[in-house]
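Written below as structure tokens is the structure these notes are about.
Order of the sequence lines sets the chain letters (A, B, ...), proteins ahead of strands, with each chain counted from 1.
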Number of protein chains: 2
Amino acid sequence: MKKKITLKQIAKELEVSISTVSKALKNSEEISADTKEKIQAFAKFYNYKPNNVAISLKNKRTKNIGVIIPDIVHHFFTTVFRGIEQYANKQGYNVIVCVSDDSFDREVINMEMLANGSVDGFIMSLSAGTQRKNDFNHLKEITDQGIPLVLFDRTTDKIDCDKVLIDDREGAFKAVQKFIKNGRKKIALVTTENYFSVSNAREAGYREALANADIEIDEHRILKLPNMEVDENAIHEFFNSNRIDAVLCVNEIFAIHCMNLVQKKGMRIPEDISFIGFTDGILSKYANPGLTAIAQHGVEMGEVAAKMLIEKVEYESDDEEEEETYQTKIIESTIIERGSTIN
Amino acid sequence: MKKKITLKQIAKELEVSISTVSKALKNSEEISADTKEKIQAFAKFYNYKPNNVAISLKNKRTKNIGVIIPDIVHHFFTTVFRGIEQYANKQGYNVIVCVSDDSFDREVINMEMLANGSVDGFIMSLSAGTQRKNDFNHLKEITDQGIPLVLFDRTTDKIDCDKVLIDDREGAFKAVQKFIKNGRKKIALVTTENYFSVSNAREAGYREALANADIEIDEHRILKLPNMEVDENAIHEFFNSNRIDAVLCVNEIFAIHCMNLVQKKGMRIPEDISFIGFTDGILSKYANPGLTAIAQHGVEMGEVAAKMLIEKVEYESDDEEEEETYQTKIIESTIIERGSTIN
DNA sequence: AGGCTTAACGAAAACGGTTTCGTGTTAATA
DNA sequence: TATTAACACGAAACCGTTTTCGTTAAGCCT
């Protein structure tokens, strides 16, 4: 077992000073060619690599970024994470992930774990708990300390920082518009309770598109499910008591459930009833028929978030006091057409 | 913007030495009650938290663990990661993830990025590139340096280290046995080319179960697809030219594709043909009919891997030289029964 | 009063680097 | 020959902690 070698050890072995070794390895002009060669050869032989922790301490920069998300076993977040990791790695940053599990407390704990020098900045999507509690002090503390923060998808306007959003409203709008173009009039929405800003935005887009086409909004055609443990009976009841020819679902799971159910009832997709679901995930792709989906481009979102964060991180270190200026970027969603709609 | 306060600043402000502050905050007996109270109050007021990087340097322990996986947008890996993160966090460790994207080079680069002090140990699943290249020098270097390493799922026996495996052979065996118990005789296997140790193990289990039941193995009933971009024609051809009443698939995607296809051909699942697929993911759950699956218990796997790693990490630091002893743990898979088989 | 213990605190080394600012030697110049 | 500039290297500070080992002064004992 050969432990990593340090500058000090090299210096002692070669009977020079630590500074000489450090400079030689950086190819400094100060050091003679002879000495440099000798030191570099020795270092290479022993596979010397500077210790990241020491460098972090010296530079006051860790080259780590912290990502806190509600869930990792979730296609959308995973996708965004992929984008973050990809871009960050390319820029020489590593990514530390913490999962809040949609709990306010865990989110706070995770932030505190990382905030004491472990990372140069944060990228996060708020936990359901935090959104429900409407308490953002932990974020405030971070930004007050001058630590860069980028919020994505599940954000809040109570905090001043960079943000990356999906045009949920616009996505729902386009989906409903597509239904209307296909001649559908009895358009339903299957959504969650209004905890999340996303569901609200999607519902808004749904309403707007209908209003825009002078279709009266029938509140009975809006089904709000309390959580992700889908209640089959509620869906059953919903489709029995309403005449519906198109359904917009705020997530894949709801869509798949509804599709399976209406097919069992003998309805044909897309002839009798069309479906569009939010978030183009694996389920949409492999559903039968394929589910036309509003794709969120998570990877792009992650890349954008990482880019914004790293820019702030590298800027901050140069300039001390400066007017902070924050931006909000919108990632456009697109409709991926599949068999569940008439194209 | 109030930057984090340091011991030095507290010391200067209160006109005591740094050591006194440090001790006071640790409630050392050496410091008088008066002084302690004063310092603690001051520290609390300015929300003092020790700098993690400095502590890491001092302790030569980062409390970070590195996870390198081939892919993160992949249900199984995500699940394992969840288990790792959960356990690690509970023990006060953070997790740095790097995605190798199934490339040998990226795997090597990622390891090198983290190996210079950024993490205390590694948990990884080998990239396809690495398995194909059969080159494990980067792992050897890590273990030679005494850095703990735990391999999971996609491993190699060329490296001595802790391992966590899934009983792929046994899982396939049980699946085929179930088919046989249901009276099926013409049992097919849909798998990948033999790059991965997992596919090999699964194929072995398949063959063993058939041999065990004195069913002759018909090589035509084994379909090997070159990659995940499923070739519909190959599947079509396969089901047309073979009489088959049960199919074991080495992953969900293959299973879903095959199920959709045979259903289009008018066959009924599970009456005419049964399906079992590896890795109980989201697709199996929401397939129509639901796909009976061999569940891998990724979360448990991750927890076990993290536990093994952290034990090694904390042990190493105590004891210097010691007989290294490595273990291999097997996570048992279980069959989740759904509509694609007769139960 | 002199010697002792003990309480309360500070100085300094250490972790592993980087970087600024000397400093001694040599060779070129006046 | 004395002065100086260039060269090659080293000492030391610094990043923020922890921890060992003094050091000082007060209080006690004989």
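Under the 4.0 Å criterion applied to side-chain N and carboxylate O atoms, A:D144 and B:K3 are not assigned as salt-bridge partners. Salt bridge annotation for B:K23-B:E29: absent, with no cationic side-chain nitrogen under 4.0 angstrom from a carboxylate oxygen. Using a cut-off of 4.0 Å between Lys/Arg side-chain N and Asp/Glu carboxylate O, B:D120 and B:K63 are scored as not salt-bridged. For the pair A:D160 and A:K140, the salt-bridge criterion is not met [side-chain N within less than 4.0 Å of a carboxylate O]. Note on B:K133 versus B:D105: no salt bridge recorded, every NZ/NE/NH1/NH2 to OD/OE distance being 4.0 Å or above.
Rounding to whole angstrom units, CD1 of residue A:I39 and P of C:dT18 are separated by 13 Å. The CG-P distance, from B:L57 to C:dA14, rounds to 14 Å in whole Å. The CG atom of B:N59 sits 12 Å away from the C1' atom of D:dG16 (whole-angstrom rounding). At whole-Å resolution of the value, NZ in A:K36 and P in D:dC9 are 10 Å apart. If you measure from atom CD1 of A:I18 to atom P of C:dA14, you get 11 Å, rounded to the nearest angstrom. Separating the CD1 atom of A:I31 from the C1' atom of D:dA6 is a distance of 14 Å, rounded to the nearest angstrom. Summarising the geometry, the separation between CG on A:N116 and C1' on D:dC15 is reported as 16 Å, rounded to the nearest angstrom. Rounded to whole Å, the distance from CD on A:E30 to C1' on D:dA6 is 12 Å.
As judged by a 4.0 angstrom heavy-atom cut-off over every strand, B:V53 is placed among residues making no nucleic acid contact. When heavy atoms are screened at a 4.0 angstrom cut-off, B:S22 is found touching base atoms of the nucleic acid. Within the nucleic acid shown, B:S32 comes within 4.0 Å of sugar-phosphate atoms alone, with no base atom in reach, counting heavy atoms only.
Side chain B:K58 to base D:dT18: a donor-acceptor pair is found below 3.5 Å. Taking only distance into account, the side chain of A:T35 never meets the base of D:dA8 through a donor-acceptor pair shorter than 3.5 Å. With hydrogens and angles left out, the side chain of A:S19 and the base of D:dA11 share a donor-acceptor pair within 3.5 Å. A donor-acceptor contact under 3.5 angstrom links the side-chain atoms of A:K23 to the base of D:dG10.
Side-chain nitrogen and oxygen atoms of A:K60 include at least one within less than 4.0 Å of the OP1 or OP2 phosphate oxygen of D:dG16.
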